[in-house]
Amino acid sequence: MLILGIETSCDETSAAIIKATKKSKKVTLLSNVISSSLPMHSETGGIIPETAAREQVKFIIPVIKKALADADVKLNEIDKIAVTYGPGLIGSLLIGVESVKAISYANDIPLIPTNHLIGHIYANFIDTNQDDIEFPALSLIVSGGHTDLVLLKKHGDIKWLGGTRDDAAGECFDKCARLLGFPYPGGPKIAELAIKGNPKTFQFPRPMIGSRDFEFSFSGLKAAFLRETQLHFPILRTSNAQISWEQITKDKAFSESDKQKLNDLCASLEEAIVSVLVSKTMKAAKKYKVRSILVGGGVAANQKLRDRLQSSINKDQSLIKLFVPPRNLCTDNGAMIASAAFFTGKQTNWQKVNADPSLYF
Ligand code: KG4
Ligand code: ZN
């Protein structure tokens, strides 16, 4: 079976084609085209929904055409089309949903509306032997908009265990990076500087690490980071304009010890976020006696998070298997939507498919 997956929930426009059969035990990725309006948003410090949607209108058809060409597949060979119908930005979701409704009607191809968050989980099943991922499985979804822990008893049987009460983990990375004048998305930049920093220098809070539930909270951590950076870099208190650290670090007045302090701040922030994510994930894994942990979402690209989860599993001498998608499948893409549709999707008449920005589990 050939599935075309479409993802337009945020700033990306992506189309991918997967080949999958129940017998083959494998989802094979044939193509995955991702077009992003990210450079436009980097300048403004965050995503402007209307700008994102206007760009997606331009990208959607060329992106689908390229996905078909890359896979050497014709539209009339596609068996099903999977599309993200939520959660996300309404303008962006509508581009994907309404485009595929027209394609479905005109070409008589069945549609599978798909939950973006379930897509992040199913990125782990692409080009992986299905039998390797054993149930029950725990999934940690960490992105710019979400931080959730869910339990999968089997395909499609998903129980939400907890999520963030305020900011998502990725949002905390992004907002702290923005405070330092770094462009969106800030997670990769914080991670890059953190490599040269000492994570023990600043004692940032680990919000809710000791709570008995599987809830998270990252807004207090962001506030603590703000206080600490303003204390050490007074320029952040006096400048209303977005200052550029790239510029400041080149300035002669910015000493080597200042540079080290900046790296230490980033390393300490990353340490705090990763510690909370790993602690809650391991607690849930033990409670529900899971056999696999599936990580998904943009923050899953973070190397410290990957390493720390694996070392926690090893330390417990646990047999739990850890799965993290390759980096290009951690951030938003059409392939994960096609994969989720294959395992859990329900075919729906195009007239009944509607964008749902606040869709959850
Ligand atoms: O899943 P995604 O592409 O979009 C959403 O659905 O939100 O995730 C984007 C998020 C951003 O917050 C970005 O800063 C974060 O993923 N991110 C990272 C890293 N790479 C991307 N955070 C920490 N470390 C990274 N290496
Ligand atoms: Zn996402």
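In listed order, ligands and their atoms are each counted from 1. Computation of the quantities below employed the complete heavy-atom set of this structure, encompassing side-chain atoms and omitting hydrogens, waters and symmetry-equivalent molecules. What you see is a predicted model; the values in this text were computed from it and never measured.
Looking at D174 against ligand 1, only its side chain comes within 4.0 Å, counting heavy atoms. The part of H116 lying near ligand 1 is the side chain, judged by heavy-atom distances below 4.0 Å. With a heavy-atom cut-off of 4.0 Å, H146 does not touch ligand 1 at all.
Considering all non-hydrogen atoms of both residues, A169 and T147 come closest at N-OG1, 2.8 Å. Closest approach of S92 to C10, counting heavy atoms only: OG-O, 3.1 Å. Taking every heavy atom of both residues into account, V27 and A20 meet most closely at CG2-CB, 4.0 Å. Across every non-hydrogen atom of D166 and S217, the tightest pair is OD2-OG, 2.7 Å. Here the closest heavy-atom approach between residue L2 and residue E77 is recorded as CD1-O, 3.7 Å.
Nearest to atom 2 (P) of ligand 1 by heavy atom, out of D332, I273, I34, is D332.
Both Y122 and F342 are members of a single hydrophobic cluster when ILVMFWY side chains are connected at heavy-atom separations under 4.5 Å. Put simply, I337 and L30 are part of two different groups of oily side chains (I, L, V, M, F, W, Y) that touch within less than 4.5 Å, one to the next.
For atom 9 (C) of ligand 1, the closest non-hydrogen atom of the protein is G144 N, 3.8 Å. Nearest to atom 22 (N) of ligand 1 among the protein's heavy atoms is G187 CA, 3.5 Å. Looking only at protein heavy atoms, the nearest one to atom 17 (N) of ligand 1 is G298 O, 3.5 Å. The nearest heavy-atom contact from the protein to atom 24 (N) of ligand 1 is N302 ND2, 3.0 Å.
Interface of G170 with ligand 1, defined as ligand atoms under 4.0 Å from a residue heavy atom, comprises 12 (O). Each of the atoms 3 (O) of ligand 1 lies under 4.0 Å from some heavy atom of T331. When each atom of ligand 1 is checked for a heavy atom of H120 under 4.0 Å away, the hits are 1 (O), 6 (O). Interface atoms of ligand 1 facing P185, defined by a heavy-atom separation under 4.0 Å, are 13 (C), 14 (O). The distance from ligand 1 to the heavy atoms of G145 drops below 4.0 Å at these ligand atoms: 7 (O).
Ring geometry, F135 versus H155: the interplanar angle exceeds 60°, so the pair is classed perpendicular (tilted spans 30 to 60°). Ring geometry for H116 versus H120: interplanar angle over 60°, hence perpendicular rather than tilted (30 to 60°).
Checked against a 3.5 angstrom limit, the closest N/O atoms of G297 and ligand 1 fall outside it.
The closest donor-acceptor contact from the side chain of T128 to the backbone of I126 lies under 3.5 Å.
Residue P188 places a heavy atom under 4.0 Å from ligand 1. Contact analysis leaves K304 out of contact with ligand 1, as no non-hydrogen atom separation drops below 4.0 angstrom.
Salt-bridge annotation for K280 and D213: present, with a side-chain N of the basic residue lying under 4.0 Å from a carboxylate O of the acidic one. Ion pairing between a basic and an acidic side chain is recognised when a charged N comes within 4.0 Å of a carboxylate O; E271 and K304 show such pairing. Between D316 and K286 a salt bridge is recorded (basic side-chain N to carboxylate O distance below 4.0 Å).
The closest side-chain donor-acceptor pair between S14 and N333, if any, does not fall under 3.5 angstrom.
Protein N/O/S atoms found under 2.8 Å from the Zn ion (ligand 2): H116 NE2, H120 NE2, D332 OD1.
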